[in-house]
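Comments concern the structure below.
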Amino acid sequence: MTGDDAEELAVEQALALVGGRNQTRGRADDQARDRADDQARDRADDQARHRADDRTGDRMGDQTGNQAGDQMPHNQNPGAPADSHPAPCTTPSPSPALPWDRARAVAARAGRGGPLAVVRLPLDRALGHVLAEPLAALTDLPSFDTSAMDGWAVAGPGPWTYEEGVSLLAGVRESPAAARLPDGTAVRIATGARTPADTTAVIRSEHAHVDEARGLLSTRRPVVTGQDIRPRGQECRSGDELVPAGTVVTPAVLGLAAAAGYDALPAVPRPRVDVLVLGDELLAAGLPHDGLIRDALGPMLGPWLRALGAEVSGPRRLGDDAEALREALTSSDADLIVTTGGTASGPVDHVHPVLAALGAELLVDGVTVRPGHPMLLARFAPDGPHLVGLPGNPLAAVSGLLTLAEPLLAGLAGRPAQDAYRALVHADVPGHPHDTRLVPVVHRAGRAGGRDHVAPLRYNGPAMLRGIAAADGLAVVPVGGVRSGTEVEILDLPWAPATPWTEGCFT
């Protein structure tokens, strides 16, 4: 029996003594078999993860020292002066890791912890920002009665007389013909032109018959009062709320704002993010060789964080250097610092000791989720800035992004939290015996009357990106897994379409 097996057996025995499992079995051999099944399930995953960690420097082993508690700073007096040099690489007393949903809630509260700044941005710079205030109409829309079609404005019953060569055009200042339209008369009108007072209806050009010899206009269809006229205030009245605060400014919102009279919009500044890539074994270019591997996170994190609404600096590669990490943290003026790797308790995992030396408060230190359980969230002052420490394995880092960085950035940017929803899953999805799993999935459209559903993707190990590259979401798989035909919570990826029910090309 390995050390990990003995430790898990001891934990299970202790839980059984206090009723932690809350189950009764009649035979001792059933208990032994259940423990063996749990251990066998974990052993293959743990061995593969440890081998990958040895290669990548992620140090993601199942060590109790990786998991510290909720909102418990390493330095018991965060206000005390920081040491001039980072503390030796020691691990603080362990505390329980947070459940996945609670860790997300802590990150969301941290993002909403302070008042939002407000800036006024010209329309051409507001795209992608979040509205800091509700957008109220500055005028009626439309601001006057307008023609919805090219045709004829008519008053009263027909046939109607008209004046040859006279027409009303959009954008042309009022002419005598636009002032008032007497009964029994008509005037040519263009789409968007202001209709004269007392206009009964607009007759489309294709429905009108012109008798030039008699100077009369008639229609091939019955005339309904108000037809093809857009009345003043049809879309909104001045002062009406068009979109609420917290709305992301899309191209359509820009168009609506311009139509409603805005030249600039009240917006929340995008959170500024610095990315620090840790690890001596990482290459910035070329093929892996001699124990060195390519840095997959540096190219990935910037675009991903921008998709979450942040302004991101270029990644800085620091290697496994505690002093360089300390200098980068103290010199950053970002709202959020994201680090990769170094969050466990190995000999070159410097994140914890450097944070402790700087008096940072750990809000989350370890999450009961696979992959990515050594992730952390720290705060350097009561009002920030914050640090999200991601594991070094690529899919584990994605898990950390969606667990901690996404809800934190949503709060900092004033965005609404991602709405949780559930989807039918086709295929059994194994679960971890103790932790939540995040599994890449792709949405599929139902066929032959079947329901839309998600399909789990292969290549979902902590060091793999092949599965997530084909995914449009992550399934939140509870302890024990889910059966095919049941529903599972889904986290959308930031680039997933609003209605992602399309066939994917990867399985």
Side-chain angles (χ1 to χ4, degrees), residues 44-45 48-49 52 100-101 104 248 250 296-297 299-309 367 369-373 375 390-391 393-407 409-410 415-432 435-507:
D45 290 342
R49 185 174 63 253
W100 177 81
D101 54 352
R104 276 179 60 84
V248 177
T250 63
L297 296 181
M300 180 177 74
L301 290 180
W304 199 309
L305 291 162
R306 290 185 190 99
L308 294 177
V367 179
V369 67
R370 304 300 176 101
H373 67 283
M375 68 181 72
L390 303 177
N393 270 333
L395 190 58
V398 169
S399 174
L401 274 177
L402 293 182
T403 302
L404 299 178
E406 187 270 335
L409 286 171
R415 293 174 179 246
Q418 182 180 144
D419 290 334
Y421 70 96
R422 302 180 70 83
L424 193 71
V425 61
H426 275 203
D428 293 347
V429 186
H432 190 273
D435 297 348
T436 301
R437 284 189 71 208
L438 299 183
V439 177
V441 295
V442 64
H443 289 77
R444 296 282 173 80
R447 294 179 178 175
R451 288 178 59 185
D452 297 336
H453 61 275
V454 296
L457 298 170
R458 300 169 56 195
Y459 309 109
N460 54 30
M464 298 180 179
L465 287 175
R466 187 172 175 181
I468 195 68
D472 52 24
L474 287 173
V476 183
V477 180
V479 172
V482 293
R483 293 287 189 184
S484 179
T486 59
E487 290 188 340
V488 64
E489 183 179 348
I490 300 296
L491 293 176
D492 282 335
L493 300 182
W495 49 84
T499 308
W501 306 103
T502 56
E503 287 291 340
C505 60
F506 296 91
T507 57

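Note that this is a predicted model, so its numbers are computed, not measured. For this chain, numbers begin at 1 and follow the sequence in order.
Listed here is the closest heavy atom pair of Pro494 and Leu308: CB-CD2, 4.0 Å. For the pair Val454 and Ala423, the tightest heavy-atom approach, listed with the atom from each and the gap, is CG1-CB, 3.9 Å. The two atoms that bring Pro456 and Val425 nearest to each other are CD-CG2, 4.0 Å, heavy atoms only. Contact record, Pro416 with Ala410: O-CB, 4.3 Å, taken as the closest heavy-atom pair. Nearest heavy atom pair, residue Ala463 against residue Asn393, reads CB-OD1, 3.6 Å. For Pro371 against Pro462, the heavy-atom pair with the smallest separation is CB-CB, 3.6 Å.
Here the side chains of Val477 and Val439 are in contact, with some heavy-atom distance below 4.5 Å. Between Val488 and Val429 the shortest side-chain heavy-atom distance does not fall below 4.5 Å. The closest side-chain heavy-atom distance from Leu491 to Val476 is below 4.5 Å. Contact check for Leu395 versus Met464: no side-chain heavy atoms found under the 4.5 Å cut-off. Residues Asp428 and Arg483 are in side-chain contact: their nearest non-hydrogen atoms beyond the backbone lie under 4.5 Å apart. Counting only heavy atoms from C-beta outward, the side chains of His426 and Arg451 never approach each other to under 4.5 Å. Residues Leu390 and Leu401 meet the side-chain proximity criterion, which asks for heavy atoms closer than 4.5 Å. Counting only heavy atoms from C-beta outward, the side chains of Ile490 and His443 approach each other to under 4.5 Å.
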Which is it for Val398 and Met300 under the side chain to side chain contact (heavy atoms under 4.5 Å, CB included) test, yes or no, and what are the steps along the way? CA-CA 10 Å; Val398 169; Met300 180 177 74; 3.8 Å; yes

Given Glu406 and Arg415, is the salt bridge (charged side-chain N to carboxylate O under 4.0 Å, His left out) satisfied, shown in steps? CA-CA 10 Å; Glu406 187 270 335; Arg415 293 174 179 246; over 6 Å; no

Pair Val367, His373 - check side chain to side chain contact (heavy atoms under 4.5 Å, CB included), show working. CA-CA 5 Å; Val367 179; His373 67 283; 5.6 Å; no

Output, in order, the C-alpha distance, side-chain angles, deciding distance and verdict of side chain to side chain contact (heavy atoms under 4.5 Å, CB included) for Ile468 and Leu493. CA-CA 9 Å; Ile468 195 68; Leu493 300 182; 4.0 Å; yes

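Here the side chain of Arg370 pairs no donor or acceptor atom with the backbone of Gly461 at under 3.5 angstrom. Side-chain atoms of Ser484 come within 3.5 Å of backbone atoms of Ala427 as a donor-acceptor pair (strictly under, hydrogens ignored).
The CG atom of Leu409 sits 6.5 Å away from the CG atom of Leu305 when rounded to the nearest 0.5 Å. Distance check: Leu474 CG to Arg437 CZ gives 11.0 Å after rounding to the nearest 0.5 Å.
A side-chain contact (heavy atoms from CB on, under 4.5 Å) with Thr403 is found for one member of Leu438, Thr436, Asp101 and no other, namely Leu438.
Aromatic ring pairs are classed by plane angle as parallel below 30°, tilted from 30° to 60° and perpendicular above 60°; the pair Trp304 and Trp495 is perpendicular.
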